[in-house]
Novice: 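Structure provided below as structure tokens; questions to follow.
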2 protein chains.
Amino acid sequence: MAPPAKARRRHRAPLTRERVLRAALALADEGGHEALSMRNLGRKLGVEAMSLYNHVANKEDILDGLVDLVFGEIDVAPPGELDWRAAMRDRAISVRDALKRHPWAIGLMEGRMSPGPANLRHHDAVMGCLRGAGFPFRAAVHALSVMDAYIYGFALQEKNLPFETPDQVSEVMEIQRGNVPDMDAYPHLAEVATEMAKAGYDYATEFEFGLDLILDALERSRPGR
Amino acid sequence: MAPPAKARRRHRAPLTRERVLRAALALADEGGHEALSMRNLGRKLGVEAMSLYNHVANKEDILDGLVDLVFGEIDVAPPGELDWRAAMRDRAISVRDALKRHPWAIGLMEGRMSPGPANLRHHDAVMGCLRGAGFPFRAAVHALSVMDAYIYGFALQEKNLPFETPDQVSEVMEIQRGNVPDMDAYPHLAEVATEMAKAGYDYATEFEFGLDLILDALERSRPGR
DNA sequence: ACCTGAACACCGTTCAAGT
DNA sequence: ACCTGAACACCGTTCAAGT
């Protein structure tokens, strides 16, 4: 008897590392860091949590894979296409956009002991861009350090601050005012509460202010400009 | 019969919110974020986890209290003592030092819905320093945003990067080399690995490079300088 | 007023047992 | 080869019961 047609017995696609990682990405995007549990992930794939261990080593291994998927979403202009400032500006915005889509990744991007291929390609391209623009090795490390600290720090603030749209600012300021009985003791915070409620706060504008400040300062420090 | 002397029956100091928070701070400092569980905290205080709920509302309430203890460790020069740049430079270094002592706090400092008194005092002092130095309101917000994004982002990198001392750098670079079979495909990362192993990496120097870059740029943008 | 035991609905991971 | 059930040692929190 011939084995049954493949289509018949494929009621579920077989589990693979790829499928586990894709499901983990979706789960983290939907419910954040705490939703990403082995049990939830198993449930999502129609399988018991323990089955996952046939395809990934452990949860750390899943995080390694997820971080590399995020790095894969970040664009860096190919060498020679843009001047270094435009290339690094676009890259910074691309990193922020990726971290807005995947805020659970913010604390995980740096410091992987097993960096994946997208991670390696990304950092090689960034260092290549800076070195190619004339930054000596140490200056390129400084430049990357200050840019990345700013980008990740801004993403962290954006994730944690309790408002997202300009409209929500005045709401939150009102609640905070309620939680602080002696606001008169803090005149400069009172100003922040009043002004922010009036004029709002736009993350994109704020991000680009600091980014351009840093890029301009780095350009001023660049040898042979 | 007179009641027994106080000293006799005080085999344990009575539980208070203060004592709970102090123990929580010590626990987090010793074992990081994941060691700070209600059960561990109860054990540390010689009590069942459930008893803690008589003194704090829940774990979020504990985190609120801890964050305010950390803000209490950050110094800001009193108005008029230093020029704005020196005051903000010292403050930034004080924040980084506090976050080195309490790395578990990095993701928690911003975005508290119930900011404590030390938190309020701190931010009022910082805004006061910038406004007093002539930064218009919006420029002061920009300045604080870029400084804090940098400080928190740098602290996050420092916490996550897998080496602490310059000596450890070459070790880690060796391991990473082992984990990346095709390092030749990434010439600029190869340079990083080689150079970093040779010359090391000092966080304090690196932090101050970016900090001074940002402070100089802000000073250039300050009206009436 | 404060503390506790038991319970509920969760974690990551191991291991022997099943198919 | 892959999947599972039961188990281990954990989570935060609620609630009725104790003192």
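Computation of the quantities below employed the complete heavy-atom set of this structure, encompassing side-chain atoms and omitting hydrogens, waters and symmetry-equivalent molecules. Below, chains carry the letters A, B, ... as their sequence lines are ordered, and counting in each starts from 1.
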Novice: Taking only the side-chain heavy atoms of B/Asn40 (C-beta and beyond), determine which of D/dT14, D/dC11, C/dT13 contains the nearest atom.
Specialist: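 My answer, after comparing the listed nucleotides, is D/dC11.
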
Novice: When you measure from the side chain of B/Gln168 to the backbone of B/Thr165, do you find a donor-acceptor pair of N or O atoms at a distance under 3.5 Å?
Specialist: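 Checking the backbone N and O of B/Thr165 against the side chain of B/Gln168, a donor-acceptor pair under 3.5 Å is found.
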
Novice: Give a yes or no on whether the backbone of A/Pro115 and the side-chain of B/Asn179 come within a donor-acceptor separation of less than 3.5 Å.
Specialist: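 Not confirmed, B/Asn179 side chain does not pair with A/Pro115 backbone.
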
Novice: Give the rounded distance in Å between these two atoms: CE of B/Met38 and C1' of C/dC10.
Specialist: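 From B/Met38 CE to C/dC10 C1': 16 Å.
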
Novice: Tell me: CD of A/Glu48 to C1' of C/dG12, nearest whole Å?
Specialist: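 One finds 15 Å between C1' of C/dG12 and CD of A/Glu48, rounded.
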
Novice: Write down the distance between CG (A/Asn58) and P (C/dC11), rounded to a whole number of angstrom.
Specialist: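 About 17 Å, once rounded to whole Å.
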
Novice: Nearest to the side chain of B/Ser51 - D/dC3, C/dC3, C/dT13?
Specialist: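 Of D/dC3, C/dC3, C/dT13, C/dC3 is nearest to the side chain of B/Ser51.
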
Novice: CG of A/Leu27 versus P of C/dC10: gap in Å, rounded?
Specialist: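 Interatomic distance, CG of A/Leu27 to P of C/dC10: 14 Å.
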
Novice: Output the rounded distance in Å from CG (A/Leu52) to C1' (C/dT14).
Specialist: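 Atom-to-atom, A/Leu52 to C/dT14, this comes out as 14 Å.
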
Novice: Between D/dC3, D/dG12, C/dC3, which nucleotide gets closest to the side-chain atoms of B/His55?
Specialist: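 Of all the options, the side chain of B/His55 is nearest to C/dC3.
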
Novice: Out of the candidates B/Asp29, B/Leu27, B/Leu108, B/Leu25, only one should pair with B/Leu66 under the side-chain contact (heavy atoms from CB on, under 4.5 Å) rule; please name it.
Specialist: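 When B/Asp29, B/Leu27, B/Leu108, B/Leu25 are each tested with B/Leu66, the side-chain contact (heavy atoms from CB on, under 4.5 Å) holds only for B/Leu25.
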
Novice: Can you list the stems that include DNA chain D, where a stem is three or more consecutive Watson-Crick or G-U pairs with distances under 3.5 Å?
Specialist: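 Counting only runs of 3 or more consecutive pairs, the stems involving DNA chain D are C:4-8 with D:12-16, C:12-16 with D:4-8.
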
Novice: Counting side-chain heavy atoms from CB outward, which of C/dT13, C/dC11, D/dC3 is closest to A/Ser37?
Specialist: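 Selected nucleotide: C/dC11.
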
Novice: When you measure from the side chain of B/Tyr53, which nucleotide among C/dT4, D/dT13, D/dT4 comes out closest?
Specialist: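 So the nucleotide nearest the side chain must be D/dT13.
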
Novice: Roughly how many Å apart are D/dA7 and C/dC11, using the C1' atom of each and rounding to a whole number?
Specialist: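 Approximately 14 Å lies between the C1' atom of C/dC11 and that of D/dA7.
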
Novice: Can any side-chain N or O of A/Glu195 pair as donor or acceptor with the backbone N or O of A/Glu191 at less than 3.5 Å?
Specialist: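 Looks like no, no N/O pair under 3.5 Å.
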
Novice: Nearest-Å distance, CZ (A/Arg17) to P (D/dC2)?
Specialist: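 Between P of D/dC2 and CZ of A/Arg17: 15 Å.
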
Novice: Is there a donor-acceptor contact under 3.5 Å from the side chain of B/Thr194 to the main chain of B/Ala190?
Specialist: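 Side chain of B/Thr194 to backbone of B/Ala190: a pair is present.
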
Novice: Please classify the nucleic acid contact of B/Leu41 as base, sugar-phosphate, or nothing, using heavy-atom distances under 4.0 Å.
Specialist: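 Counting heavy atoms under 4.0 Å across all strands, no contact is made by B/Leu41.
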
Novice: Please report the distance, rounded to the nearest Å, between CE in B/Met50 and P in D/dA17.
Specialist: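 From B/Met50 CE to D/dA17 P: 17 Å.
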
Novice: A/Ile62 near the nucleic acid: base, sugar-phosphate alone, or nothing, with a heavy-atom cut-off under 4.0 Å?
Specialist: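 Answer is nothing: A/Ile62 stays at 4.0 Å or more from every strand.
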
Novice: Return the nearest nucleotide to the side chain of B/Lys59; candidates are D/dC3, D/dG12, C/dG12.
Specialist: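 Selected nucleotide: D/dG12.
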
Novice: What nucleotide among D/dT4, D/dC15, D/dA7 has an atom nearest to a side-chain atom of A/Arg39?
Specialist: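 Of the candidates, D/dA7 comes closest.
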
Novice: Taking atom P of C/dT19 as reference, at what distance in whole Å does atom CG of A/Asn54 sit?
Specialist: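 Between P of C/dT19 and CG of A/Asn54: 17 Å.
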
Novice: I want to know whether B/Phe207 and B/Tyr150 have ring centres closer than 6.0 Å.
Specialist: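 Yes, close enough.
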
Novice: Between A/His122 and A/Arg91, is any side-chain donor less than 3.5 angstrom from a side-chain acceptor?
Specialist: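 Side-chain D/A pair, A/His122 to A/Arg91: present.
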
Novice: B/Ala35 or A/Ala49: which one's nearest nucleotide on DNA chain D is closer to the 5' end?
Specialist: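 Closest to the 5' end, via its nearest nucleotide, is A/Ala49.
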
Novice: Can you name the one residue among A/Asp61, A/Asp68, A/Asp64 that meets salt bridge (Lys or Arg N to Asp or Glu O under 4.0 Å) with A/Arg17?
Specialist: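 Among A/Asp61, A/Asp68, A/Asp64, the one that satisfies the salt bridge (Lys or Arg N to Asp or Glu O under 4.0 Å) with A/Arg17 is A/Asp61.
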
